Amino acid sequence: MTDCSIRIYGAAALASLLASTAVAQTAPPAPLPAGYAGRDPVRSEWPVQVRQSLGQVAPQDPATLPRSRAPLSKPVAKPAPGGPALTQRSPGLWTVAGWRLAEAPDVKADGATVSRAGYDAKSWYVATVPGTVLTTLVDRGVYPDPAFGLNNMAIPERLARQDYWYRTEIDVPAGTLGQHLELNFKGVNYAAEIWLNGARLGTMKGAFIRGRFDVTGKFAPGRNVIAVKVSPPPHPGIAHEGR
């Protein structure tokens with residue numbers, strides 16, 4: 001614990017704070033510089049974050065955003081990763097690759113459908129794994145590198161407030177089908193639903209949490225499909241929800 005102070009805010013002070021914030025929110029927004037992400041319609045969802053910054057109830061006013069005389073960089077796509085979707089690392093251990101990524105609001109099918117062979121995911125992004133969703137979107141040339149200059153201002157807020165689907169198809173070696181098998185995830189942030197061949201295996205929840213699922217007898221001969229629906233924290237930006 002680093003904070004040894006106690007600070008109490010009365011109801012009147014909090015009401016005054018909310019009232020002044022509401023007035024600020026109704027003011028006409030300042031115009032954004034060219035290339036900056038537009039203001040996403042999420043202001044009404046931002047709670048009073050008393051555990052982090054008291055009164056933080058809305059995105060930063062555009063008039064106070066950092067600006068530069070240099071234009072934002074253009075997105076640059078990197079070569080998509082290739083190679084087999086299943087690679088043996090050592091006896092009895094394989095790495096699953098070949099992942100594709102899609103924004104969940106654009107996917108109309110449910111998990112049972114997405115996680116079956118024959119589902120068309122060719123339009124999905126070739127995913128960079130390990131990596132975040134933003135890593136994939138930057139690598140595929142959707143957004144510029146946010147680590148350079150003010151390029152992070154081109155990243156829309158909605159990316160942190162929606163679900164995503166990851167999906168891959170693998171051919172499990174025939175000799176392993178009768179053995180005890182586990183599907184291991186080294187880290188997912190923040191929550192995830194795991195699907196295999198149309199069936200829901202289970203869930204994971206927690207910042208970069210690891211997961212292990214018993215899939216003995218659940219792989220089929222030939223082509224198998226793994227799908228993972230990843231969800232963000234309920235309130236992005238609140239520190240205690242990111243643990």
Side-chain angles (χ1 to χ4, degrees), residues 37-38 40 42 73-87 94-147 151-152 154-172 183-205 207-211 213 215 218-220 222-233 236:
D40 297 309
V42 298
S73 303
K74 298 295 183 182
V76 178
K78 297 181 180 179
L86 195 66
T87 303
W94 290 264
T95 297
V96 178
W99 295 96
R100 286 184 174 268
L101 167 72
E103 299 182 33
D106 296 334
V107 178
K108 306 307 178 185
D110 59 10
T113 302
V114 169
S115 61
R116 289 189 182 276
Y119 179 81
D120 186 4
K122 293 180 181 178
S123 63
W124 292 21
Y125 299 110
V126 177
T128 301
V129 177
T132 65
V133 168
L134 185 56
T135 301
T136 291
L137 297 178
V138 170
D139 287 353
R140 302 291 82 79
V142 180
Y143 300 108
D145 183 354
N151 286 346
N152 63 308
I155 311 300
E157 178 70 25
R158 66 176 176 79
L159 297 185
R161 298 178 179 273
Q162 64 184 21
D163 298 342
Y164 295 86
W165 276 107
Y166 283 86
R167 182 184 188 275
T168 188
E169 298 187 9
I170 61 174
D171 293 319
V172 179
L183 186 62
N184 297 298
F185 293 86
K186 291 187 176 181
V188 174
N189 189 38
Y190 173 75
E193 287 182 1
I194 314 301
W195 293 77
L196 173 65
N197 295 334
R200 187 171 180 264
L201 291 179
T203 62
M204 303 163 57
K205 185 177 181 181
F208 305 102
I209 198 73
R210 295 189 177 198
F213 300 88
V215 292
K218 296 181 180 180
F219 281 115
R223 185 57 51 95
N224 292 263
V225 179
I226 304 171
V228 181
K229 188 176 185 180
V230 178
S231 302

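Since we're looking at a predicted model, the values are computed, not measured.
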Any pair with a residue in residues 102-119 that passes side-chain hydrogen bond (donor to acceptor under 3.5 Å, both in side chains), sequence neighbours left out, goes on the list, sorted by first then second residue, please.
-> Glu103-Arg158, Glu103-Gln162, Asp110-Thr113
Without hydrogens or angle criteria, can the side chains of Asn224 and Asn197 be said to hold a donor-acceptor pair below 3.5 Å?
-> yes
After noting the C-alpha distance and the side-chain angles of Val228 and Arg167, does the key distance pass the side chain to side chain contact (heavy atoms under 4.5 Å, CB included) rule?
-> CA-CA 6 Å; Val228 181; Arg167 182 184 188 275; over 6 Å; no
Is Leu159 close to Leu134 at the side-chain level, that is, under 4.5 Å between some pair of heavy atoms?
-> yes
Of all the heavy-atom pairs spanning Pro75 and Val142, show the shortest one and how long it is.
-> CG-O, 3.8 Å
On a heavy-atom basis, the closest approach of Ile209 and Met204 is O-CE, 3.3 Å
Using a 3.5 Å cut-off and no angle test, enumerate the donor-acceptor pairs between side-chain atoms of residues 94-101 and protein atoms at least two apart in sequence or in another chain.
unit_1: Trp99; atom_1: NE1; unit_2: Val96; atom_2: O; d: 3.3
unit_1: Arg100; atom_1: NH1; unit_2: Lys122; atom_2: O; d: 3.4
unit_1: Arg100; atom_1: NH1; unit_2: Trp124; atom_2: O; d: 2.8

Trp195/Leu201 under side chain to side chain contact (heavy atoms under 4.5 Å, CB included): CA gap, chis, key distance, verdict = CA-CA 5 Å; Trp195 293 77; Leu201 291 179; over 6 Å; no
Listed by chain and number, what are the side chain to side chain donor-acceptor pair (under 3.5 Å) partners of Arg210, not counting sequence neighbours?
-> none
Non-hydrogen atoms of Pro232 and Ala160 that approach each other most closely = CB-O, 3.3 Å
Tyr125, OH: over 12 other non-hydrogen atoms inside 6.0 angstrom = no
Is there side-chain contact between Leu196 and Val215, with at least one heavy-atom pair below 4.5 Å?
-> yes
Just by distance, do the side chain of Thr128 and the backbone of Gly131 share a donor-acceptor pair under 3.5 Å?
-> no
State, to 0.1 Å, how close Ala127 and Tyr166 come at their nearest heavy-atom pair, and which atoms those are.
-> CB-CE2, 3.9 Å
For Pro144 and Ser73, the nearest pair of non-hydrogen atoms, with its separation, is CB-O, 3.4 Å
Leu86 to Asp171 - nearest heavy-atom pair and separation = CD2-O, 3.6 Å
How far does CZ of Phe185 sit from CZ of Phe213, to the nearest 0.5 angstrom?
-> 6.5 Å
Under 3.5 Å donor-acceptor, Ser231 side chain and Asp163 backbone | no
